[in-house]
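Sequence lines set the chain letters: A, B, ... in the order given, protein chains first and strands last, and positions in each chain run from 1. Any value given below was found using the heavy atoms of this structure, including those in side chains, with hydrogens, waters and symmetry copies removed.
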Amino acid sequence: MISVEVTVDVANFRVHAAFEHGAGLLAMVGPSGSGKTLTLRAIAGLTPATGTVTLHGRDVVGVAPHKRGTAWVPQKDALFPFLDVLGNVTFGLPRVRRTLADPRVALLCEEVGIAHLLKRRVVDLSGGERQRVALARALACEPSILLLDEPFAALDDASRTELGRHLRTAVDSRGLCAILVSHDSREVRRLADSVLPFSRGQAGQVQSVMEWAATLPKETS
Amino acid sequence: MSAYPVQLSLLVALLSTALVAVPGIALAVFLSGRRGVSRVVVDALVLLPLVLPPSVTGYALIVVFGSQGVVGSALSQLGIRLIFTPAAAVIAAAVVALPVLVKTAEPALAAVPTELTDVGKTLGLGPVALFWRVVLPVAWPGILAALVLAFARALGEFGATLLFAGNIPGSTNTMPIELYSAFQRGDEKTALAYVAILTALSLVVVVVAAALTRRR
């Protein structure tokens, strides 16, 4: 469960968002520069904000990012190039668990469809494989909330579908609270449970996907 | 031609690089992530030995570490004298190598993608762990290139060394100083030998630094 009431000020631009979200996938939607990513960064603690961010009953505004228990999946280029796939997946785990001998690690790699890639260098992976590794790395830490900043943006259609399926399965099987920033209305309709629209730095109300889809112009809906 | 100046120069360059490695990298980290007044001030102080005439740097070192100096007088009470010793040559070389190290390492550190540091932070890394586990492995070739260039600068140091460490044969006569002495007394053969050694070493350094930078 997350409860947010934050204001982010960055270089003459102010973003304000107030919403609550429980288990399931919430999609933040809106045009570029409307404040979606800044709000997501504020939740993770990567951009300073004022207000309150309550993660499972604990206010984390002012808490350093590494102590918040959130996990972050960025748009692209966020695998550690000096580690192999397994090293990336287990990066956030204690040293003794950074091995396939850990049953949870092995299970997770199977679940996300990367078990056959574990010894590969990350530079040799396709875009879709990279993002699945980034998703596995985020899930490995068993985060209290999963934050995804346009993880599909740089992918082709087939890779989008596959990553979306893995994401949906991960959220459902864990009862996870997840927030996804997206530009793609098809993707949002396929994956999200609810939608938070943004416009010019202001977040609206959380809506069901059906309610939100009804507001879209015909050609995009 | 004696082997001592060659050995001394290599030792002085090695020790002075080792001396500035940790503070130099720390300063580069500080500068790579900072804007505003603190950055301008630290940047200017770091750059100063690079732009000052080496003789001015040498004179400043005498003022600080000489027997009447702030640090020198305290050290002399402990029975330690730095001026006109090989240790002075190490300090002089370290002071001029520091800005080369900092200004070469800084862009390598600044080029570490924020996507990687963001992920590292959310995966539970505090600032120190973030440096060791994300920043250093990514920026390492650039930092190594910076250390190599700092070594080269230390190896070639002349003016500040001459003032602060002097030209004492068998003690503080580094290769550049010995080259100057040989030239002064008209010993062209010896002078040319030092020119050849220093040029060859510098060439190796430039090639190594370029290879390391390309690997990035």
Side-chain angles (χ1 to χ4, degrees), chain A residues 11 37 40-47 55 60 63-84 87-95 97-98 122 130-131 133-151 153-154 179, chain B residues 21 25-26 28-40 104-148 208-216:
Chain A
T37 294
L40 201 72
R41 292 183 64 84
I43 293 168
L46 298 171
T47 296
L55 297 178
V60 294
V63 174
H66 65 285
K67 293 179 180 166
R68 292 194 181 198
T70 61
W72 180 261
V73 181
Q75 192 171 22
K76 57 173 183 163
D77 296 335
L79 295 184
F80 300 112
F82 48 89
L83 295 172
D84 62 9
N88 269 277
V89 172
T90 58
F91 188 86
L93 299 177
R95 192 180 292 270
R97 287 195 55 209
R98 290 182 212 153
V122 295
R130 283 165 173 255
Q131 287 305 75
V133 174
L135 176 65
R137 181 178 58 190
L139 293 171
C141 295
E142 294 162 14
S144 62
I145 181 164
L146 179 63
L147 305 171
L148 305 109
D149 185 19
E150 302 198 48
I179 302 179
Chain B
I25 294 167
V29 170
F30 174 85
L31 289 171
S32 69
R34 199 68 55 136
R35 285 179 192 171
V37 181
S38 63
R39 190 204 141 82
V40 173
T104 318
E106 188 193 330
L109 290 160
V112 175
T114 49
E115 287 88 352
L116 292 185
T117 50
D118 283 349
V119 169
K121 286 177 193 169
T122 57
L123 289 175
L125 302 187
V128 176
L130 191 70
F131 176 75
W132 282 111
R133 293 194 58 202
V134 179
V135 175
L136 198 59
V138 176
W140 182 239
I143 291 173
L144 210 55
L147 286 167
V148 169
V208 169
L212 287 167
T213 314
R214 219 182 8 255
R215 262 187 58 201
R216 284 165 61 200

A.B. asks: I'd like to know if the side chain of B:R133 reaches the main chain of A:F91, judged simply by a donor and an acceptor atom lying under 3.5 Å from each other, with no hydrogens or angles considered.
C.D. replies: yes
A.B. asks: Which region of A:F82, side chain (C-beta onward) or backbone (N, CA, C, O), has a non-hydrogen atom less than 4.5 Å from a non-hydrogen atom of chain B, or is it both or neither?
C.D. replies: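 Side chain only.
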A.B. asks: Can you name the nearest heavy-atom pair linking A:L79 to B:L116, along with the distance?
C.D. replies: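 Result for this residue pair: O-CD2, 3.4 Å.
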A.B. asks: With a 4.5 Å heavy-atom cut-off, do A:L83 and B:P137 have their side chains touching?
C.D. replies: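 SC-SC contact between A:L83 and B:P137 ruled out.
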A.B. asks: Looking at every non-hydrogen atom in both residues, tell me the closest pair between B:V119 and A:P74 and how far apart they are.
C.D. replies: CG2-CG, 3.7 Å
A.B. asks: Using non-hydrogen atoms and a 4.5 Å limit, figure out which bit of A:R41 sits close to chain B: side chain, backbone, both or neither.
C.D. replies: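 Side chain only.
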A.B. asks: Shortest non-hydrogen contact from A:H66 to B:P127?
C.D. replies: CE1-CD, 4.3 Å
A.B. asks: Roughly how far apart are A:I43 CD1 and B:T122 OG1, rounded to 0.5 Å?
C.D. replies: 13.0 Å
A.B. asks: To the nearest 0.5 Å, what is the distance between CG (A:N88) and CG (B:L123)?
C.D. replies: 9.5 Å
